[in-house]
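In what follows, chains carry the letters A, B, and so on, assigned in the order in which the sequence lines appear, proteins first and then strands, with residues in each chain numbered from 1.
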2 protein chains.
Amino acid sequence: MTPEPVRAVTRAAAILDMFTLETPVLSLTEISRGIGLNKSTTHRLLATLEHLDLLEVDSATRRYRLGLKLFRLGSVVLKSMELVAQAEPLLKRLVEQTEETAFLIVPEKNETLCLKRVDGCHSVRALFLETGKRLPYNAGAGPRALLAHLPEEDWDRVVVHHVQRMTHHSLVTREELARDKAEVHRLGYSLSREDVSLHACAVGAPVREREGRVVAAVSVSGIVQRFSPAQIPLLVAAVVQAAEELSRRLGFVPLGGNRLGGSPPDPDERAAGVG
Amino acid sequence: MTPEPVRAVTRAAAILDMFTLETPVLSLTEISRGIGLNKSTTHRLLATLEHLDLLEVDSATRRYRLGLKLFRLGSVVLKSMELVAQAEPLLKRLVEQTEETAFLIVPEKNETLCLKRVDGCHSVRALFLETGKRLPYNAGAGPRALLAHLPEEDWDRVVVHHVQRMTHHSLVTREELARDKAEVHRLGYSLSREDVSLHACAVGAPVREREGRVVAAVSVSGIVQRFSPAQIPLLVAAVVQAAEELSRRLGFVPLGGNRLGGSPPDPDERAAGVG
DNA sequence: CACCGTAGTTTCGGCAGATGGAACCAACGA
DNA sequence: TCGTTGGTTCCATCTGCCGAAACTACGGTG
C-alpha cells in the first residue's frame, strides 16, 4: 500500500523532532545519542540540514538550533489553517468574559498541541501551557475534551500507550479515563482540577467541523481559587458558547436546531458512518 | 570540508520549500514538476513526509499541505529567538508613535524574511508584507537596510543573482544598488518609495547584535501620502531610535558613547576582523 | 460507449549514494 | 603528559533509493 518511507528523511525528521521548547539547542553527541545513530551519519545529516537552513549552528559552541526556514514554514501552516484565524477573536472575547487565559488545542498524533493561547488579565495565572507546546491526551480540560471524542481504536491506543502522569491528580487508569469520557459526553464539556499542574484548573469544550468530527477544543484555565462552585457555571457557559460558535464558523450545523431541553443529540453519530 | 549533503533530505526540504503563503496547498504533479523529479520518487517522498506529520494530505482532493509538526517546530524557533521577544514591545511603541505599521526583518539565505509585523491603526495601510513572508534584498526599506550591511562577497552575489523587480520604482541595477548602499551608510537609515508595491513607502534602520554585525532591520511602512517631507524626519527619528534601542538590548554598545556630531563611527569595522 | 488525457499508485532491477567503523583532530582537565 | 570527551574526515561495503514503465482511476468528449 504505502511505500516504505525514505530512511534518510525519516532520520532527518527525527533530528528536528528532538528540538523542543524545553531543549531548543543540542550538540551533535546529544542528537546522535538521542536518535541512536552513528556520529558520522548524524554529522552528515546535521550538515545537510544546516545547509538547507533547517538548522543553525552556533559556530562558537558547535551546538545546533532550529533554523529560520522552519519559522517560515510554521507561519505558512498557521496562516493556512482557518481554524486559528476563526478562533482568535473568539478566544479574545472569552478572555474578556472570563478574565482567564484561553487556549485552542488540537490533536497531533498521540498527543495534543496548543495552537493558540490568549493571556488573561489576572496577574497570577498558570503559565504552563503555551503556543506550540504539547500535552498528553489525559491531562487538562482541552486534551480530555478531545480524548473523549476520539474514535474507539484511537482512544484505546492512546489510553494504553500514551498517558502521562503530570500531578497526583492526573487521570491515568483506563477506568478513570473511561468514566471521564462518559462524563464529558454527558455534560458536553470537560473539567480539569490540578491534573496538569498544581493549583491550576480549567474548563474545556469540543469544536466540530462541517462533518461533525471533533477537530479542536477551546478551554480557559486559571488558579484553583477562581474555579469556585459559583464561578464554574459561568465559565462553562462562556467556554461552551465559544466552542459552539467556533464550530458554527467551521461550517458545523447543530442538529435539533434550537434546543428545547431533552437529551442533546450527539453529532458524533453523524461522523460514525463516514469514518 | 563539509561532507556531500544527503540527497534525499535535500529533496524533501525542497518539497517543503515549495509551500508558501501564496501557494499553501499543492498536488503531487505540481510538486513533482516543481522540483523536477520523477513522479514515483516524489510520491515516495511525499508519503514519507506525510507519515512524519510534516505534510498533511486532504484525502478527498489528494492535495498536500504543510503539517502540524512544522507549526510546532516554528514555534520553537520563534521562542528561542530572543530577537523577536525583545523587538515586540519596541515595535508596538513604534506603532503608537508613528501610527504606521512596523516590521522586523531578518536575512534568510539570499532573501529577507519578515519575522514580525505589528499593524498600525490607519484603516488604509499596505497589507503586502506579513509575518513569514519574504522580500528580495533590493526591495523595501528593511531589506535594503540589511543589504547595505552585507559583507562584500554576499552583496555581490545577491546583487547579481537575487534581485527582483517588483514595481517600476524598484532598484535593480548594480549601480542603483551601490548608490543606495552608500546612501544608507551615510544616513544610517533607508528609504523606500513604492519599490515594493505602488503607493507604499517605508523607512528602515539596521539592528546590530553584540559583535556589531547587522542581524535585522526595523521598519515602518505606510501609504505615500503620509510620507511627506514634513513627516519623514519624524518617522526616521522613531525608527532609528527603535533600532538603536533594540541593538542595545541585544548587547550592542555603540562606539563613541554620546554622539557629539562629527562622522558617526561605523561599527561594521568591528565585525570585519572576525568574519 | 470507446477513446483519450490527466493524475495518482505500484512494481522492480540496477547502481549511485548513504552508511557506520575506524582513524584522526582539537580542546579541556587532571 | 596523558586520558577523555566531542567533533570531523575517510573509505569500503552494501543497501535503500531512484526512475522507467506499467497500471489504475477518473472525467471529459466525440
For the pair made of [atom1] in [X] and [atom2] in [N], what is the distance, rounded to whole Å?
{"X": "A:K39", "N": "D:dC10", "atom1": "NZ", "atom2": "C1'", "result": "15 Å"}
{"X": "A:L46", "N": "C:dG20", "atom1": "CG", "atom2": "C1'", "result": "15 Å"}
{"X": "B:L28", "N": "C:dT9", "atom1": "CG", "atom2": "C1'", "result": "9 Å"}
{"X": "A:H43", "N": "C:dA18", "atom1": "NE2", "atom2": "P", "result": "15 Å"}

Heavy atoms of other groups near A:R248 CZ, more than 12 under 6.0 Å
yes
Should we count CZ of A:R157 as having more than 12 external heavy atoms under 6.0 Å?
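Result for CZ/A:R157: enclosed.
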Check whether any side-chain N or O of A:H162 sits under 3.5 Å from a backbone N or O of A:P136 as a donor-acceptor pair, and report yes or no.
no
Base, sugar-phosphate, or nothing for B:R33, non-hydrogen atoms under 4.0 angstrom?
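The residue B:R33 makes sugar-phosphate contact but no base contact.
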Generate the contact string for nucleotides 12-21 of chain D. Rules: B means base contact, S means sugar-phosphate contact only, - means no protein heavy atom under 4.0 Å.
----SBSBB-
Could you tell me whether B:E245 and B:R249 make a salt bridge, using a distance below 4.0 angstrom between a side-chain N and a carboxylate O?
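Salt bridge: yes.
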Modelled atom types, side-chain donor and acceptor of B:T23 and B:T20, under 3.5 Å:
yes
At under 4.0 Å, does any side-chain N or O of A:R62 touch on OP1 or OP2 of C:dA26?
no
